[in-house]
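The structure appears below as structure tokens.
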There are 2 protein chains.
Amino acid sequence: MLKLSKLTDYAAVVMAQIARHPERAHAAADLADAVQLPHPTVSKTLKMLVKAGLLTSRRGAQGGYRLSRAPSEITASDIIAAIEGPVAMTECSQADGDCDLVSSCGVADNWQRVTLGVRTLLDSVTLAHLARAEPLKLPVQLPIQSVTLAAMAEG
Amino acid sequence: MLKLSKLTDYAAVVMAQIARHPERAHAAADLADAVQLPHPTVSKTLKMLVKAGLLTSRRGAQGGYRLSRAPSEITASDIIAAIEGPVAMTECSQADGDCDLVSSCGVADNWQRVTLGVRTLLDSVTLAHLARAEPLKLPVQLPIQSVTLAAMAEG
DNA sequence: ATATAGAGGACTAAAATGGTCCTCAATGCC
DNA sequence: GGCATTGAGGACCATTTTAGTCCTCTATAT
């Protein structure tokens with residue numbers, strides 16, 4: 001599996017929706033209608049995205065949400081991290097991870113490298129890519145040319 | 001997050017342990033002792049790995065578990081799939097996924113491509129890599145040279 | 001025959017997740 | 001200034017998932 005939570009999924013859909021009309025502010029209710037999801041849930045998701053710094057908000061009439069930076073500057077990693085926290089496949093790949101078996105389990109190091117690989121991959125996918133509607137299922141060239149774990153292991 | 005379940009984590013640890021002594025059969029109890037995890041839980045994990053075809057088992061005295069193929073032929077994807085099912089970041093990336101919003105959500109296609117990227121990365125990490133004990137934290141060259149999403153989009 | 005060891009599944013407890021709602025605060029408009 | 005609009009923040013509950021345990025049955029070696 002390795003599945004995203006539903007909220008993360010919603011977050012991506014909503015972010016993409018905003019990214020398609022970045023010039024104007026989007027009210028939570030409008031977004032919920034547009035993406036066909038329950039209002040309270042979308043609202044909750046939006047708040048998390050603001051808290052994470054991916055969106056800015058303005059209250060009151062004519063208020064709503066806007067991207068805090070260009071779609072090409074917001075990554076899949078960012079969106080996932082906003083809802084679920086930083087990408088980490090194992091406890092010990094987290095910054096604050098505490099697993100007393102790290103030293104004895106024998107695979108911790110390598111899982112951490114794999115996590116870095118996944119993170120790098122997700123860093124290279126931006127909201128600009130995600131938002132691109134591709135109803136024709138044409139192969140889209142995403143800018144992932146090379147992911148070499150060895151090169152990242154020093155991090 | 002995007003975290004592996006604990007059982008998957010255990011599975012990797014146990015598989016690595018077996019991979020370090022592939023010639024002999026390992027009893028569940030011995031493995032549990034070796035990796036310092038509760039016996040029943042390790043036992044459950046082993047059964048799942050057998051069911052998925054990654055291990056073979058033999059009952060009775062002198063029985064136990066063995067790898068069903070070489071460590072270099074067993075991938076991280078295989079281990080994850082054995083416990084959690086195939087790697088899929090979204091509902092719609094699963095073979096049997098049913099999400100009525102696929103057509104309208106606008107990001108389904110691209111998440112599916114990202115899933116393929118992650119899957120490819122995890123396919124390229126083998127049990128042989130995972131089992132390699134690296135207490136010195138030397139950078140390990142894993143054979144992930146290039147992951148290009150466009151090349152996979154036809155799948 | 002018997003001790004060993006896995007298969008299979010039922011079951012429970014605990015935790016994470018999803019989803020809703022309520023009250024408060026800010027903003028724009030008249 | 002007053003009011004309608006819209007987000008902030010958090011409490012709360014229901015459901016699902018996960019983890020973990022245990023019991024009974026079956027196969028194998030000696």
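In the text below, chain A, chain B and the rest are named by the order of the sequence lines, each starting its count at 1. This structure is a prediction, so every number in the text was calculated from the model and none was measured.
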Students often get this wrong, so: under 4.0 angstrom with heavy atoms, is [X] touching a base, only sugar-phosphate, or nothing?
X: B:Leu46; answer: nothing
X: B:Ala29; answer: nothing
X: A:His39; answer: nothing

Residue pair [X] / [Y], side-chain heavy-atom distance below 4.5 Å:
X: B:Arg24; Y: B:Asp30; result: no
X: B:Met15; Y: B:Leu67; result: yes
X: B:Ile80; Y: A:Met89; result: yes
X: B:Gln94; Y: A:Lys3; result: yes
X: B:Trp111; Y: A:Leu4; result: yes

What's the closest nucleotide to the side chain of [X] if the choices are [options]?
X: A:Pro38; options: C:dT20, C:dG19, D:dT30; result: C:dT20
X: A:Arg58; options: C:dG9, C:dT27, D:dA19; result: C:dT27
X: A:Thr41; options: C:dT20, D:dT30, D:dG20; result: C:dT20
X: A:Lys51; options: C:dG18, C:dT20, D:dG10; result: D:dG10

Atom pair distance, as rounded to whole Å: [atom1] in [X] and [atom2] in [N]:
X: B:Asp30; N: C:dT4; atom1: CG; atom2: P; answer: 13 Å
X: B:Leu49; N: C:dG8; atom1: CG; atom2: C1'; answer: 16 Å
X: A:Leu37; N: C:dG18; atom1: CG; atom2: C1'; answer: 12 Å
X: A:Lys6; N: C:dT20; atom1: NZ; atom2: C1'; answer: 15 Å
X: A:Leu4; N: C:dA16; atom1: CG; atom2: C1'; answer: 16 Å
X: A:Glu84; N: C:dT17; atom1: CD; atom2: C1'; answer: 11 Å
X: A:Met1; N: D:dT17; atom1: CE; atom2: P; answer: 9 Å
X: A:Lys47; N: C:dC22; atom1: NZ; atom2: P; answer: 13 Å

For C:dG19, does the base pair up with any side-chain atom of A:Lys44 as donor and acceptor (N or O, under 3.5 Å, distance only)? yes

I'd like to know if B:Arg59 reaches the base of D:dT26 with its side chain such that a donor and an acceptor end up less than 3.5 angstrom apart.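 Flag set: donor-acceptor pair detected.
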
So, OP1 or OP2 of [N]: does either fall under 4.0 Å of a side-chain N or O from [X]?
X: A:Ser5; N: C:dA16; value: no
X: A:Tyr65; N: D:dT6; value: no
X: A:Ser57; N: D:dA8; value: yes
X: B:Tyr10; N: D:dG20; value: yes

Evaluate side chain to side chain donor-acceptor pair (under 3.5 Å) for A:Asp78 paired with A:Thr75, printing each intermediate quantity in order. CA-CA 5 Å; A:Asp78 290 335; A:Thr75 70; 3.2 Å; yes

